[in-house]
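Since the structure comes first, as structure tokens, the remarks are kept for the end.
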Amino acid sequence: MNYRISNKQVFEQAQTRSVSDVPFTEEERQNGMKLAVSKVDNTLALYLVEVDGHKKFEVRWDDSQEIFIGWNSAWENFTWCLNVASSD
């Protein structure tokens with residue numbers, strides 16, 4: 001496993017059901033809730049964020065970020081980035 005889970009409970013919930021009921025602290029509302037981070041490159045991380053009142057997933061790497069509505073798309077992107085980061 002080339003990543004570390006930052007929030008196991010929400011990480012596991014995201015894989016099986018909606019995360020719309022996940023409460024955010026004020027800091028998480030502003031910066032997102034980190035769910036997983038790469039062991040190779042700590043700038044690569046998967047977040048749960050709130051956009052216009054809706055929970056979405058965000059993959060951040062270096063100075064780029066991409067928003068996803070669903071877990072599967074976000075996870076696919078995150079693991080693709082992990083593979084790229086690990087091959088450098």
Side-chain angles (χ1 to χ4, degrees):
M1 204 162 61
N2 50 359
Y3 62 91
R4 249 183 327 278
I5 297 173
S6 302
N7 188 321
K8 186 175 182 185
Q9 181 181 349
V10 177
F11 182 88
E12 290 176 350
Q13 178 177 337
Q15 295 174 54
T16 59
R17 63 183 200 277
S18 172
V19 291
S20 62
D21 64 340
V22 171
F24 276 177
T25 65
E26 188 55 40
E27 183 179 336
E28 289 167 341
R29 194 173 317 286
Q30 292 178 13
N31 302 317
M33 176 188 288
K34 190 183 293 186
L35 301 180
V37 65
S38 167
K39 289 181 178 177
V40 175
D41 182 344
N42 66 358
T43 68
L44 172 57
L46 174 63
Y47 284 82
L48 180 64
V49 296
E50 193 167 87
V51 178
D52 298 328
H54 300 284
K55 301 284 190 336
K56 299 187 180 189
F57 299 97
E58 183 176 42
V59 175
R60 299 178 190 170
W61 192 9
D62 283 330
D63 60 351
S64 68
Q65 60 222 36
E66 193 164 352
I67 300 280
F68 298 90
I69 295 169
W71 168 261
N72 291 334
S73 299
W75 184 248
E76 211 173 275
N77 184 267
F78 180 69
T79 55
W80 181 85
C81 292
L82 281 172
N83 291 332
V84 171
S86 297
S87 67
D88 286 344

Identify the heavy atoms of [X] and [Y] that sit nearest to each other, and give their distance.
{"X": "Asp21", "Y": "Gln13", "answer": "OD1-NE2, 2.8 Å"}
{"X": "Ala14", "Y": "Val19", "answer": "CA-CG1, 3.6 Å"}
{"X": "Met1", "Y": "Lys39", "answer": "O-NZ, 3.3 Å"}
{"X": "Trp61", "Y": "Val84", "answer": "CH2-CG1, 3.6 Å"}

Kindly write out the residues that satisfy side-chain hydrogen bond (donor to acceptor under 3.5 Å, both in side chains) with [X], not counting sequence neighbours, or none if the list is empty.
{"X": "Glu26", "value": "Gln30"}
{"X": "Ser64", "value": "none"}
{"X": "Asn7", "value": "none"}
{"X": "Asp62", "value": "Thr43"}

Donor-acceptor pairs under 3.5 angstrom involving side-chain atoms of residues 66-79: please list them, not counting sequence neighbours.
unit_1, atom_1, unit_2, atom_2, d
Thr79, OG1, Trp75, O, 3.0
Thr79, OG1, Glu76, O, 3.1

Check: Given a cutoff of under 4.5 Å between side-chain heavy atoms of I, L, V, M, F, W and Y, with clusters grown through shared members, what are the other residues clustered with Val40?
Finding: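 Joined to Val40, directly or through intermediates: none.
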Checklist line | salt bridge (charged side-chain N to carboxylate O under 4.0 Å, His left out) pairs, two or more places apart, involving residues 3-18 | finding: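 Sorted result for residues 3-18: Lys8-Glu12.
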Next item on the list: Could you list the residues that satisfy side chain to side chain contact (heavy atoms under 4.5 Å, CB included) with Glu28, not counting sequence neighbours?
Entry: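 Once residues adjacent in sequence are excluded, the partners of Glu28 under the side chain to side chain contact (heavy atoms under 4.5 Å, CB included) criterion are Phe24, Thr25, Met33.
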Which side-chain N or O atoms in residues 44-57 pair as donor and acceptor under 3.5 Å with protein atoms at least two apart or in another chain?
unit_1, atom_1, unit_2, atom_2, d
Glu50, OE1, Arg29, NH1, 3.3
Lys55, NZ, Val22, O, 2.9

